[in-house]
Student: 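I'd like to ask some things about the structure below.
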Amino acid sequence: MPAARVEYIAPWWVVWLHSVPHLGLRLQRVDSTFSPGDETYQESLLFLGVLAAIGLGLNLIFLAVYLVCTCCCRRDHTVQTKQQESCCVTWTAVVAGLLCCAAVGVGFYGNSETNDGVHQLIYSLDNANHTFSGMDELVSANTQRMKVDLEQHLARLSEIFAARGDYIQTLKFMQQMAGNIVSQLSGLPVWREVTTQLTELSHQTAYVEYYRWLSYLLLFILDLVICLVTCLGLARRSKCLLASMLCCGILTLILSWASLAADAAAAVGTSDFCMAPDIYILNNTRSQINSEVTRYYLHCSQSLISPFQQSLTTFQRSLTTMQIQVGGLLQFAVPLFPTAEKDLLGIQLLLNNSEISLHQLTAMLDCRGLHKDYLDALTGICYDGIEGLLFLGLFSLLAALAFSTLTCAGPRAWKYFINRDRDYDDIDDDDPFNPQARRIAAHNPTRGQLHSFCSYSSGLGSQCSLQPPSQTISNAPVSEYMNQAILFGGNPRYENVPLIGRGSPPPTVYLTDSHRDAHGYLKCLLPASSHPTLSTLPA
């Protein structure tokens, strides 16, 4: 933020925004001079909001056309196409997330800059208001002293000095000097109406700025939450979450364009004011304050003569003359009239207080203090304020681009989820490598449970044919098992391949007497999943 200058210079962005063509709703050219009370000027600012609304409409039309084309077009569902589609959705979500984070960062900076500028404006208005109020209080206090307090002392001294005509003439002369002081004080401007307007303006500005800052803060948080939850829905492949966040993203897209319209209108209108603030203030304060006084405070150059110099000089001379007269009466009249000493000392104290008030009033009426407040206010609103509005406009554009990108990625992700589920449905449910089969098995633990062993025996001594029940087993090729072993970090050893599927002989069975029944025939204890058939052997 630049320091306050002796002379105000409009920054380049104010000149650039002021040069933006001002058009009415009927596309007629409008004067760019800042005049908020003019209806045509209000239409020129409203036209910027209309342009933002047109941009929102084009954006929504583009998204609608894109969604229709994405949902209606059919592509081949090869493995390579699915991989490319998944990669495209992933990178689109990453770019949209980065854009959203960048937009929120820019928005936070712009919101802080605008808030700082507005608070500097409010602080300057309060300082100027305090100065104007102090002027009125000093003028009122001095007028009270000269009209009431001094008159009471002079009335009592007139009774005391009734026998001395020369002292009475001195009192009348002092009364005349007091009248001159009151006359000069009445010629000073009264700032009561100005202070009322400045107080109202300060309160309204603080009220609007608080809710503006809070609204943008909530918008930033909303953008971040929607962006993060949308990315989470893409990562977890949640259709419900993705659909809900895409609807919220459309709402945020509308809010982004609306904030862009408000920022553009506020930036252009404030730039029109900052381009020539002196002219606007002179035109609007002409009915309340003399133009010479207003120009003195706005420019505050050394070539300008203070419009209060003559009044303050007369005030100072009248006080000095009265102090000389009171000093003479204390020296010559008190020895003759001792009762007059109290009133004379009271007048002397009153004149001393008036002189102190005169110095304070002179300092307040000087243009340097109020001109500094004026420059600080312009610096806050025209430098920090408009700069922050420009960054907020950039935030709105980046946020609209980010959520448009997320909205475009949504239908592709949805179709990818549907195709992925359809491919899972085409796989055999008994395939142990099917994720859906594993999920079903986890919920139905009794599915496919068979007896582990079987025992067949014959009590007639005849030959027993043992045929275990058959079971369908999904045999994977040897190469697939070896590739999976390589994939998960194992060694592609042939021993890791299951026996079934590589043509290996069945394991060797060792028979003992415990395997024979009472008639001397063999009992069969084979696993349920074994395919070979073993017949009973005679003893």
Student: With no hydrogens and no angle check, do the side chains of Asn180 and Arg317 hold a donor and an acceptor under 3.5 Å apart?
Tutor: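 No pair is found: no donor N or O on one side chain lies under 3.5 Å from an acceptor on the other.
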Student: Quick one: does any side-chain atom of Thr199 pair with a main-chain N or O of Thr195 as donor and acceptor, under 3.5 Å?
Tutor: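 Checked: pair present.
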Student: Distance-only, no hydrogens or angles: does the Ser271 side chain make a donor-acceptor pair with backbone N or O of Ala267 under 3.5 Å?
Tutor: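 Yes, because the side chain of Ser271 sits within donor-acceptor range (under 3.5 Å) of the backbone of Ala267.
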Student: Are the side chain of Asp263 and the backbone N or O of Leu389 linked by a donor-acceptor pair below 3.5 Å?
Tutor: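 Not a single qualifying donor-acceptor pair exists.
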Student: Check the side chains of Gln144 and Asp149 for a donor-acceptor pair under 3.5 angstrom, ignoring hydrogens and angles.
Tutor: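 No, because no side-chain N or O of Asp149 sits under 3.5 Å from a partner of the opposite role on Gln144.
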Student: Any chance the rings of Phe395 and Phe391 have centres within less than 6.0 Å?
Tutor: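 Here the rings of Phe391 and Phe395 have centres that are no less than 6.0 Å from each other.
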Student: Within the distance-only criterion (no hydrogens, no angle test), does the side chain of Asn142 pair as donor or acceptor with the backbone N or O of Leu138 below 3.5 angstrom?
Tutor: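 Yes; judged by distance alone, with no hydrogens or angles, the pair exists.
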Student: Does atom CZ of Phe337 have more than 12 heavy-atom neighbours, drawn from other residues, nucleotides or ligands, at distances under 6.0 Å?
Tutor: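 Enclosed: over 12 neighbouring heavy atoms sit under 6.0 Å from CZ of Phe337.
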Student: Under 2.5 Å between the SG atoms of Cys101 and Cys227?
Tutor: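 Looking at Cys227 and Cys101, their sulfur gamma atoms do not lie closer than 2.5 Å, so the answer is no.
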Student: Side chains of Tyr41 and Asp272: donor-acceptor distance under 3.5 Å anywhere?
Tutor: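 Per modelled atom types, Tyr41 and Asp272 side chains form a pair under 3.5 Å.
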Student: Under 3.5 Å, is there a donor-acceptor pair linking the side chains of Ser396 and Ser256?
Tutor: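 The criterion, which ignores hydrogens and geometry beyond distance, is not satisfied for Ser256 and Ser396.
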Student: Is a donor on one side and an acceptor on the other found under 3.5 Å between the side chain of Asn111 and the backbone of Gly107?
Tutor: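 Such a contact is absent between Asn111 side chain and Gly107 backbone.
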Student: Checking side-chain polar atoms at under 3.5 Å, does Asn115 have a donor or acceptor matched by the opposite partner on Tyr216?
Tutor: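 Distance-only check fails for Asn115 and Tyr216.
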Student: Can a salt bridge be assigned to the pair Asp343 and Arg156 using a cut-off of 4.0 Å between side-chain N and carboxylate O?
Tutor: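 Yes, this pair counts.
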Student: Salt bridge check, Arg212 against Glu209: does any charged N sit closer than 4.0 Å to a carboxylate O?
Tutor: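 The answer is yes: the pair qualifies as a salt bridge.
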Student: Distance under 6.0 Å and angle within 45° of the ring axis: does Arg164 meet both against Tyr167?
Tutor: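 Yes, Arg164 lies over the aromatic ring of Tyr167.
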Student: Determine whether a donor-acceptor pair (N or O, by modelled atom type, separation under 3.5 Å) exists between the side chain of Asn353 and the backbone of Leu349.
Tutor: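 Answer holds: yes.
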Student: So does Leu201 get a backbone contact from the side chain of His203, meaning a donor-acceptor N/O pair under 3.5 Å?
Tutor: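 Flag not set: sc His203 to bb Leu201 has no pair under 3.5 Å.
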Student: Within a strict 4.5 Å, meaning less than it, do heavy atoms of the Ile279 and Phe34 side chains meet?
Tutor: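 Of all side-chain heavy-atom pairs linking Phe34 with Ile279, none is under 4.5 Å.
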Student: Rounded to the nearest 0.5 Å, how far does OG1 of Thr205 lie from CD1 of Ile122?
Tutor: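 The CD1 atom of Ile122 sits 5.5 Å away from the OG1 atom of Thr205.
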Student: Would you tell me whether Ser303 and Ser301 have side-chain atoms, one donor and one acceptor, within less than 3.5 Å of each other?
Tutor: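 The criterion, which ignores hydrogens and geometry beyond distance, is satisfied for Ser301 and Ser303.
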Student: How about Thr321 and Met174: do any of their side-chain heavy atoms sit closer than 4.5 Å?
Tutor: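 No; the side chains remain at least 4.5 Å from each other.
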Student: Checking the side chain of Glu341 only, and the main-chain atoms of Thr339 only, is there a donor and an acceptor separated by less than 3.5 Å?
Tutor: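 The answer is no, because no donor-acceptor pair under 3.5 Å joins these two groups.
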Student: Just wondering, are more than 12 heavy atoms of other shown residues or ligands nearer than 6.0 Å to CD in Gln197?
Tutor: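 Counting other residues, nucleotides and ligands, CD of Gln197 exceeds 12 neighbours.
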Student: Has Leu58 got more than 12 heavy atoms of other residues, nucleotides or ligands less than 6.0 Å from its CG?
Tutor: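 Result for CG/Leu58: enclosed.
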Student: So, Gln310 versus Gln184: side-chain donor-acceptor pair below 3.5 Å or not?
Tutor: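 The criterion, which ignores hydrogens and geometry beyond distance, is not satisfied for Gln184 and Gln310.
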Student: Under a 4.5 Å cut-off applied to non-hydrogen side-chain atoms, are Pro189 and Asn290 in contact?
Tutor: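 Not in contact.
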Student: Taking all heavy atoms of Gln120 and all of Gly380, pick out the closest pair and write down the distance.
Tutor: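 In this case the closest contact between Gln120 and Gly380 is OE1-CA, 3.7 Å.
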Student: Anything under 30° is parallel, anything over 60° is perpendicular, the rest tilted; go ahead and classify Tyr297 against Phe308.
Tutor: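 The rings of Tyr297 and Phe308 sit tilted, inter-plane angle from 30° to 60°.
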Student: Around Trp213, counting heavy atoms of other residues, nucleotides and ligands shown, do more than 12 lie under 6.0 Å from its CH2?
Tutor: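 At most 12 heavy atoms, drawn from other residues, nucleotides or ligands, come within 6.0 Å of this atom.
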Student: If only side-chain N and O atoms count, and only distance matters, is there a donor-acceptor pair under 3.5 Å linking Asn59 with Ser404?
Tutor: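 A donor-acceptor contact under 3.5 Å links the two side chains.
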Student: Side chains of Leu157 and Ile347: closer than 4.5 Å at any heavy-atom pair?
Tutor: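 Yes, at least one pair of side-chain atoms sits under 4.5 Å.
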